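This report concerns only the one structure given below.
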Amino acid sequence: MTETCVRAYDVAGRTACLALFDGNTPRFFAAGERPDFAAFLDAHPASWAFQVVERGGAIGACGGHRVAADGETAGFCWGMVDHRQHRTGLGNILTQARLDAARAAPGVRQVRLDTSQHTQGFYARLGFGVERVVPDGYAPGLDRVDMLLRWPA
């Protein structure tokens with residue numbers, strides 16, 4: 001079995017992360033979001049605890065999270081899996097790593113994210129509930145779905 005590991009993002013992974021984005025466009029991301037993602041990788045990965053999942057020494061997934069100012073909510077950002085490796089478990093590994101980190105943060109009781117209609121089912125299976133749907137919220141044909149996962153008190 002090929003070894004899989006989760007580690008902190010570093011600048012050496014920038015090209016691979018942009019390739020993940022490109023491979024998931026236009027189904028999961030609008031092409032116009034690419035400059036935002038590139039700027040995020042250049043300026044904000046540490047503040048969002050951005051991580052990559054490597055399988056066989058290659059980056060196959062990436063995503064970040066951080067605790068909001070309220071201290072009770074963590075948010076997810078820019079989660080994606082190599083389009084050739086969808087349904088291989090990488091998304092579960094990435095999401096579980098982000099959930100584990102959020103749960104470990106003192107006071108965090110819930111996780112918020114926004115995603116598209118194409119991945120809302122994935123997050124629903126993990127316990128996230130839909131709070132709001134904005135038709136064409138990212139681009140024509142690409143809805144924005146706001147989701148929330150609360151942990152029992």
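Numbers here simply count residues along the sequence, with the first being 1. Quick caveat, the model's predicted, so the values are computed rather than measured.
Thr115 meets the side-chain hydrogen bond (donor to acceptor under 3.5 Å, both in side chains) test with Thr119; sequence neighbours excluded. Listed by chain and number, the residues in a salt bridge (charged side-chain N to carboxylate O under 4.0 Å, His left out) with Asp114 are Arg144 (sequence neighbours excluded). Glu33 is linked by a salt bridge (charged side-chain N to carboxylate O under 4.0 Å, His left out) to nothing, counting only residues two or more places apart in sequence or in another chain. Applying the ring-ring contact (aromatic ring centres under 6.0 Å, His included) rule to Tyr123 yields the partners Phe128; only residues at least two apart in sequence or on another chain are considered. Among residues two or more places apart in sequence or in another chain, the salt bridge (charged side-chain N to carboxylate O under 4.0 Å, His left out) test is passed with Arg7 by Asp10, Glu54. Checked against side chain to side chain contact (heavy atoms under 4.5 Å, CB included), Ala139 has the following partners two or more places apart in sequence or in another chain: Ala30, Leu142. Under the side chain to side chain contact (heavy atoms under 4.5 Å, CB included) criterion, Arg34 pairs with Leu18, Phe21, Asp22, sequence neighbours left out. Listed by chain and residue number, nothing satisfies the salt bridge (charged side-chain N to carboxylate O under 4.0 Å, His left out) test with Asp136 (two or more places apart in sequence, or in another chain).
Criterion: ILVMFWY side-chain heavy atoms under 4.5 Å apart, direct or through other members. Under it, Phe122 and Phe29 are not part of a common hydrophobic cluster. In the hydrophobic clustering of this structure, Leu126 groups with Val111; members are Ile, Leu, Val, Met, Phe, Trp, Tyr whose side-chain heavy atoms approach within less than 4.5 Å, directly or through other members. Taken together through direct or relayed side-chain contacts under 4.5 Å among Ile, Leu, Val, Met, Phe, Trp and Tyr, Leu149 and Met147 form part of one hydrophobic cluster.
Counting only residues at least two apart or in different chains, ring-ring contact (aromatic ring centres under 6.0 Å, His included) contacts with residues 85-119 comprise Phe28-His86, Phe28-His118. Residue pairs satisfying the side-chain hydrogen bond (donor to acceptor under 3.5 Å, both in side chains) criterion with at least one member in residues 38-51, sequence neighbours excluded, are listed as follows: Arg14-Asp42. Listed by first then second residue, pairs satisfying salt bridge (Lys or Arg N to Asp or Glu O under 4.0 Å) with a partner in residues 84-97 read Asp82-Arg84, not counting sequence neighbours.
Not a single donor-acceptor pair under 3.5 Å links the side chain of Thr95 to the backbone N or O of Asn92.
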Only pairs under 3.5 Å count here: list side-chain donor-acceptor contacts from residues 72-81, not counting sequence neighbours, and write none if there are none.
{"from": "Thr73", "atom 1": "OG1", "to": "Asp70", "atom 2": "OD2", "distance (Å)": "2.8"}
{"from": "Thr73", "atom 1": "OG1", "to": "Gln110", "atom 2": "NE2", "distance (Å)": "2.9"}

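Heavy-atom minimum distance, Gly60 versus Leu90: O-CD1, 3.7 Å. The minimum heavy-atom distance linking Cys17 with Leu41 is given by the pair CB-CD1, 4.0 Å. Closest non-hydrogen pair, Val108 versus Ala102, comes out as CB-O, 3.4 Å. In plain terms, the two heavy atoms of Asn24 and Leu20 that are nearest each other are ND2-O, 2.9 Å. Nearest heavy-atom pair, Cys62 versus Phe37, reported as atom, atom and distance to 0.1 Å: SG-CZ, 4.2 Å. Contact between Leu94 and Ala61 at its shortest, heavy atoms only, is CD2-CB, 4.2 Å.
Residues Ile59 and Val53 are not in side-chain contact: their nearest non-hydrogen atoms beyond the backbone lie 4.5 Å or more apart.
For the atom pair CD of Gln96 and CZ of Arg103, the computed distance is 6.0 Å after rounding to the nearest 0.5 Å. Taking CG of Leu148 as the start and CG of Leu113 as the end, the distance is 8.5 Å to the nearest 0.5 Å. Note that CZ of Arg55 is 5.0 Å distant from CD1 of Ile93, once rounded to the nearest 0.5 Å.
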Legend entry - Pair Arg112-Glu131, side chain to side chain contact (heavy atoms under 4.5 Å, CB included): steps then yes or no: CA-CA 10 Å; Arg112 289 189 183 280; Glu131 290 194 299; 2.3 Å; yes
